[in-house]
Amino acid sequence: MTHSIGRQSQPNDWREQTLKYDYLVIALGSENNFFNMSDIQKHSFTMKSIGDAIILRNHIINILEQASLEEDNKELRKSLLTFVVVGGGFNGVETVGALNDFIRESIIGYYKNIYVTEVRVILVHTTEKLLEQIDEPLGKFALEKLKARSVEFIMNSHVIDATANNVKLDNDNNAIIPCYTLIWTAGVTPNKLIADLPCEHDKGHRIIANNYLEVLG
Ligand SMILES: Cc1cc2nc3c(=O)[nH]c(=O)nc-3n(C[C@H](O)[C@H](O)[C@H](O)COP(=O)(O)OP(=O)(O)OC[C@H]3O[C@@H](n4cnc5c(N)ncnc54)[C@H](O)[C@@H]3O)c2cc1C
């Protein structure tokens, strides 16, 4: 076991300890999966931990400050006020809903020189159905609710590349969306320690278990 000493962001030192145990429970959770798209990893925000949420919230406030100052360059102002979430699963849908409310309520409350009509909050999803893990009517219900709150949807599309100020899609004409906020909620993969354990795994590196949740063999 390794833990840091001192400030969390700039530890002074690391300490390693060995613990004895009778039973070891491994419950390390999943990690973000960028499918080897390093530019997307570099330029996107993630939404997996409280820390991620705080970083994103601070970024949004900073972006609204920048947009409120930007009166001359209309294109820049437009891209600052465009927010893209990738992934129409639980995480993406929950994130896009909260993000949309947060941005619009902040503008109404604090940014008198920004119109909510200038804001674009876009969700990009690979298929034509939202929340595929649940019953179809519930997915449609979520889609309609979010549309009514002005969230835009780009379905049947993948985000395939990103820079600090734009996002590239794989749809018909490789559309480019100028924006300074890309949030990646489009994939998870097991912790490396799980993936490396010497037992049978599926294609996504998950351990294969039987009906009693026992590891095969
Ligand atoms: C934005 C968001 C919203 C969600 N909303 C819901 C919801 O409404 N309802 C719901 O049921 N689920 C929800 N989920 C899913 C839910 O959070 C996960 O399914 C759940 O947390 C998985 O639990 P876990 O214990 O497997 O992993 P985690 O909760 O990820 O816990 C794993 C822990 O292991 C630690 N760890 C990793 N590696 C090591 C290591 N080498 N040594 C020691 N510790 C380590 C990690 O730091 C972490 O604290 C949501 C997820 C997200 C991202």
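Everything quoted here is computed from the prediction, not taken from an experiment. Every heavy atom of this structure was used, including side-chain atoms; hydrogens, water molecules and symmetry mates were not.
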Q: Find out if a path of hydrophobic residues (ILVMFWY) with successive side-chain heavy-atom gaps under 4.5 Å connects Leu69 to Leu80.
A: no

Q.
For the backbone of Lys48 and the side chain of Thr46, can you confirm whether one donor and one acceptor N or O come within less than 3.5 Å of each other?
A. no

Q. Looking at Leu146 and Gly97, what are the two nearest heavy atoms and their distance?
A. CD2-CA, 3.7 Å

**Q.** Rounded distance [0.5 Å steps], CD in Glu65 versus CD1 in Ile114
**A.** 8.5 Å

Q: Could you tell me which non-hydrogen atom of Asn166 sits nearest to which non-hydrogen atom of Pro178, and how far apart they are?
A: CB-CA, 3.9 Å

Q. Can you name the one residue among Leu216, Ile208, Ile207 that meets side chain to side chain contact (heavy atoms under 4.5 Å, CB included) with Cys199?
A. Ile207

Q.
Could you measure the distance from the CE atom of Met1 to the CG atom of Leu19? Nearest 0.5 Å is fine.
A. 5.0 Å

Q | Audit row: Leu81, Leu64, side chain to side chain contact (heavy atoms under 4.5 Å, CB included) steps and yes/no | A | CA-CA 7 Å; Leu81 292 171; Leu64 293 179; 4.0 Å; yes

(Q) Leu130 vs Met155, test: side chain to side chain contact (heavy atoms under 4.5 Å, CB included). Steps then yes/no. (A) CA-CA 9 Å; Leu130 216 54; Met155 307 300 262; 4.2 Å; yes

Q. Can you list the residues that meet the ring pair (Phe, Tyr, Trp, His ring centres under 6.0 Å) rule with His59, with sequence neighbours excluded?
A. Phe45

Q.
Show every salt bridge (charged side-chain N to carboxylate O under 4.0 Å, His left out) that has at least one partner inside residues 179-200, sequence neighbours left out.
A. Lys192-Asp196

For residues 31-40, dump all side-chain donor-acceptor pairs below 3.5 Å to protein atoms at least two apart in sequence or in another chain.
from  : atom 1 : to     : atom 2 : distance (Å)
Glu31 : OE2    : Asn191 : ND2    : 3.4
Asn33 : OD1    : Phe35  : N      : 2.9

Q. Side chain of Asp135, backbone of Leu138: donor and acceptor closer than 3.5 Å?
A. no

Q. Salt bridge (charged side-chain N to carboxylate O under 4.0 Å, His left out) with Glu132: which residues, sequence neighbours excluded?
A. none

Q.
Could you go through Ile122 and Ile154, starting from their C-alpha distance and side-chain angles, then the distance that decides it, and tell me whether this counts as side chain to side chain contact (heavy atoms under 4.5 Å, CB included)?
A. CA-CA 7 Å; Ile122 305 167; Ile154 301 177; 3.7 Å; yes

Q | Which residues share a salt bridge (charged side-chain N to carboxylate O under 4.0 Å, His left out) with Asp72, sequence neighbours left out | A | none

Q.
Can you tell me which residue among Thr82, Val84, Ile103, Thr181 is in a side chain to side chain contact (heavy atoms under 4.5 Å, CB included) with Val121?
A. Ile103

Q) So which heavy atom on Asn12 is nearest to which on Arg7, and how close? A) OD1-N, 4.0 Å

Q: Identify, with sequence neighbours excluded, every residue that meets side-chain hydrogen bond (donor to acceptor under 3.5 Å, both in side chains) alongside Asp161.
A: none

Q) Under 4.5 Å between side-chain heavy atoms, hopping through other hydrophobics if needed: is there a path connecting Ile177 to Phe153? A) no

Q: Say whether, by atom type as modelled, one donor and one acceptor occur between the side chain of Asn171 and the main chain of Ser157 under 3.5 angstrom.
A: no

Q. How many angstroms lie between NE2 in His158 and OG1 in Thr127, if you round to the nearest 0.5 Å?
A. 9.0 Å

Q) Does any non-hydrogen side-chain atom of Arg15 lie less than 4.5 Å from one of Thr2? A) no

Q. What heavy-atom pair brings Gly87 and Thr185 nearest, and what distance separates the two atoms?
A. O-OG1, 3.5 Å

(Q) With a sphere of 6.0 Å drawn around CD1 of Ile50, does it hold more than 12 non-hydrogen atoms of other residues, nucleotides or ligands? (A) no

Q: Take Ile60 and Arg57 through the side chain to side chain contact (heavy atoms under 4.5 Å, CB included) test and state the conclusion after the steps.
A: CA-CA 5 Å; Ile60 300 291; Arg57 187 178 192 278; 5.9 Å; no

Q. Can you check whether Ile108 reaches Val116 side chain to side chain, under 4.5 Å on heavy atoms?
A. yes

Q | Arg149: partners by salt bridge (charged side-chain N to carboxylate O under 4.0 Å, His left out), with sequence neighbours left out | A | Asp101

Q.
Ignoring hydrogens and geometry beyond distance, is a side-chain donor-acceptor pair present between His3 and Glu16 at under 3.5 Å?
A. no

Q) So, the side chain of Ser106 versus the backbone of Arg104: is there a donor-acceptor pair under 3.5 Å, distance only? A) no

Q.
Under the salt bridge (charged side-chain N to carboxylate O under 4.0 Å, His left out) definition, can you give me all pairs with a residue in residues 108-128, not counting sequence neighbours?
A. Arg77-Glu118, Arg120-Glu152

Q | Atom pair CG/CD of Leu76 and Glu70 - distance to nearest 0.5 Å | A | 4.5 Å

Q: With rounding to the nearest 0.5 Å, note down the distance linking CG in Leu143 to CD in Glu136.
A: 11.0 Å

Q: Kindly state each residue pair satisfying salt bridge (charged side-chain N to carboxylate O under 4.0 Å, His left out) with at least one member in residues 202-214, sequence neighbours excluded.
A: Asp202-Arg206

Q: Please examine the side chains of Val85 and Leu99, heavy atoms only from C-beta on, and report whether any two atoms are closer than 4.5 Å.
A: yes

Q. Just by distance, do the side chain of Ser4 and the backbone of Trp14 share a donor-acceptor pair under 3.5 Å?
A. no

Q. Cluster question for you: counting only ILVMFWY and a side-chain heavy-atom cut-off of under 4.5 Å, with indirect links fine, are Val151 and Phe141 together?
A. no

**Q.** ring pair (Phe, Tyr, Trp, His ring centres under 6.0 Å): pairs with one or both residues in residues 193-217, sequence neighbours excluded
**A.** none

Q) What pairs with Ser68 under side-chain hydrogen bond (donor to acceptor under 3.5 Å, both in side chains), at least two apart in sequence or on another chain? A) none

Q) With sequence neighbours left out, which residue pairs that include part of residues 83-130 fulfil the ring pair (Phe, Tyr, Trp, His ring centres under 6.0 Å) condition? A) none

Q.
Grouping I, L, V, M, F, W and Y whenever their side-chain heavy atoms are under 4.5 Å apart, do Val119 and Leu56 come out in a common cluster?
A. yes

Q: Could you grab the distance from atom CG of Leu169 to atom CD1 of Ile176, nearest 0.5 Å is fine?
A: 8.0 Å

Q. Can you hop from Leu197 to Leu24 via hydrophobic side chains spaced under 4.5 Å?
A. yes

